[in-house]
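Every number for a ligand or one of its atoms is a count from 1 in the order of the listing. What's counted below: heavy atoms across the whole structure, side chains too, no hydrogens, waters or symmetry copies.
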Amino acid sequence: MTLLRFDNVGKRYASGRDALADVSFEVAPGEMLFVTGHSGAGKSTLLRLIHCTERATRGTVVFADRNLGKLRGRRISLHRREVGVVFQDHRLLADRSVADNVALPLRLRGMHRAEVAKRVRSTLEKVGLGDREKSLPRQLSAGEQQRVGIARAIVAEPKLLLADEPTGNLDPALSTEIMALLESLALRGTSVLVASHDLALVRRMRKRVLVLDHGKLIDDIGPGDLAE
Ligand code: ADP
Ligand code: ADP
């Protein structure tokens, strides 16, 4: 079974910059993997193609049997409902409670209040923040704030979670905690793709690793096979 497939994908920005060239790989449902490489290697671009914020200029990206290069209008919004995104700086609304921040994606799609409240509660419990519903983001630690970002990304039960440097602002202990949380989501069936240039962290996780270098996929390393 395949959830996501890149087939000889290339991305050239309007500036003429080739951010990705001839990239091919597949991701299975429930698989957790990393994409690593130096700054400018193409990690963010790869995530943007999956989220449909950019389009491939060569090859095809297929998600859940949909060719993303052919999606238009409302179909792009529907696609994005199946892909959760976690940002390095979590992008929480500062003047809204934790519960309101997590509820946002469900409210935006018009879900009933009672159902929203129920889902928000169970999602906050999943990320270990069952007792912080009413807090404001600034009342939480950095690690807790990132957990809220993850809760918001998974509350609508996406098939795939994309995380772009999700531990970029966290110390090693907190980073490990966040990774354990992402791992637990994968065990429950959500595929998780993490972009990170933190090689020490990537090694510790012993997952599959895609290595990008100047836009080329130079390695696709099996779980636990990354040299120490
Ligand atoms: P990474 O996430 O690995 O740092 P990026 O995907 O952000 O890499 O960038 C890959 C290359 O594409 C870099 O050379 C970067 O400067 C360039 N790039 C990224 N976004 C754009 C854009 N919107 N327009 C033009 N070039 C871009
Ligand atoms: P992020 O994805 O981390 O939020 P950006 O999308 O702003 O960050 O940029 C990622 C990388 O792509 C950076 O290295 C940035 O310099 C480069 N980049 C972004 N937009 C452009 C652009 N229009 N032209 C060239 N490089 C760009």
Side-chain angles (χ1 to χ4, degrees), residues 3-27 31-63 67-73 76-77 79-80 83-92 142 145-146 149-150 152-153 158 160-172 174-175 178-179 182 186 191-205 207-222 225-227:
L3 176 65
L4 172 70
R5 194 175 82 236
F6 271 54
D7 254 336
N8 305 107
V9 170
K11 172 64 185 175
R12 174 173 293 177
Y13 284 107
S15 62
R17 165 80 63 186
D18 280 311
L20 292 175
D22 207 21
V23 171
S24 300
F25 65 93
E26 293 188 1
V27 176
E31 183 174 11
M32 178 170 179
L33 72 163
F34 288 85
V35 54
T36 190
H38 296 292
S39 176
K43 304 181 294 295
S44 300
T45 299
L46 188 137
L47 299 189
R48 285 178 210 141
L49 295 184
I50 301 168
H51 194 239
C52 259
T53 32
E54 292 285 353
R55 273 179 210 275
T57 45
R58 286 192 166 229
T60 47
V61 180
V62 179
F63 180 89
N67 180 343
L68 299 189
K70 300 217 155 121
L71 295 188
R72 298 288 181 272
I76 294 177
S77 322
H79 164 68
R80 287 195 184 135
V83 180
V85 184
V86 178
F87 304 95
Q88 175 173 355
D89 55 2
H90 53 71
R91 305 190 191 179
L92 301 176
Q145 289 177 19
Q146 190 53 292
I150 292 170
R152 185 185 50 191
L160 172 67
L161 183 63
L162 299 175
D164 199 353
E165 304 284 353
T167 60
N169 294 325
L170 304 179
D171 65 37
L174 280 179
S175 299
I178 292 293
M179 285 300 152
L182 295 178
S191 300
V192 180
L193 176 52
V194 182
S196 175
H197 63 254
D198 183 348
L199 211 51
L201 179 72
V202 172
R203 280 207 177 94
R204 281 206 301 281
M205 295 301 296
K207 302 287 182 194
R208 179 179 170 201
V209 184
L210 306 177
V211 185
L212 286 175
D213 183 28
H214 292 93
K216 296 210 166 70
L217 182 60
I218 58 164
D219 229 331
D220 184 344
I221 302 163
D225 291 344
L226 187 62

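For a threshold of 3.5 Å applied to N or O pairs, the pair formed by G42 and ligand 1 contains at least one separation below that value.
Atoms of ligand 1 lying under 4.0 Å from at least one heavy atom of S39, given by number and element, are 4 (O). The atoms of ligand 1 that sit less than 4.0 Å from any heavy atom of S44 are 1 (P), 2 (O), 6 (O), 7 (O). Applying the 4.0 Å criterion to heavy atoms of S15 picks out, from ligand 1, the atoms 25 (C), 26 (N). Against a heavy-atom cut-off of under 4.0 Å, A19 is close to the following atoms of ligand 1: 10 (C), 11 (C), 12 (O). Near H38, meaning under 4.0 Å from one of its heavy atoms, ligand 1 places the atoms 3 (O).
With sequence neighbours excluded, no residue forms a salt bridge (charged side-chain N to carboxylate O under 4.0 Å, His left out) with D213. Every residue two or more places apart in sequence or in another chain was checked for a salt bridge (charged side-chain N to carboxylate O under 4.0 Å, His left out) with D219, and none qualifies.
Heavy atoms of H197 come nearer than 4.0 angstrom to ligand 1 in no pair at all. For G37, the closest heavy-atom approach to ligand 1 does not fall below 4.0 Å. Put simply, part of R48 is less than 4.0 Å from ligand 1, judged by heavy atoms.
Looking at R17 against ligand 1, only its side chain comes within 4.0 Å, counting heavy atoms.
To the nearest 0.5 Å, the span separating CG on L193 from CG on L33 amounts to 5.0 Å.
Across all non-hydrogen atoms, the minimal contact from L201 to T167 is CD2-OG1, 3.5 Å.
Below 30°, between 30° and 60°, or above 60°: for F6 and F25 the angle between ring planes is below 30°, a parallel geometry.
A side-chain donor from one of D164 and S44 sits under 3.5 Å from a side-chain acceptor of the other.
Ion pair D22/K216 not flagged as a salt bridge, since none of the NZ, NE, NH1 or NH2 atoms sits closer than 4.0 Å to an Asp/Glu carboxylate oxygen.
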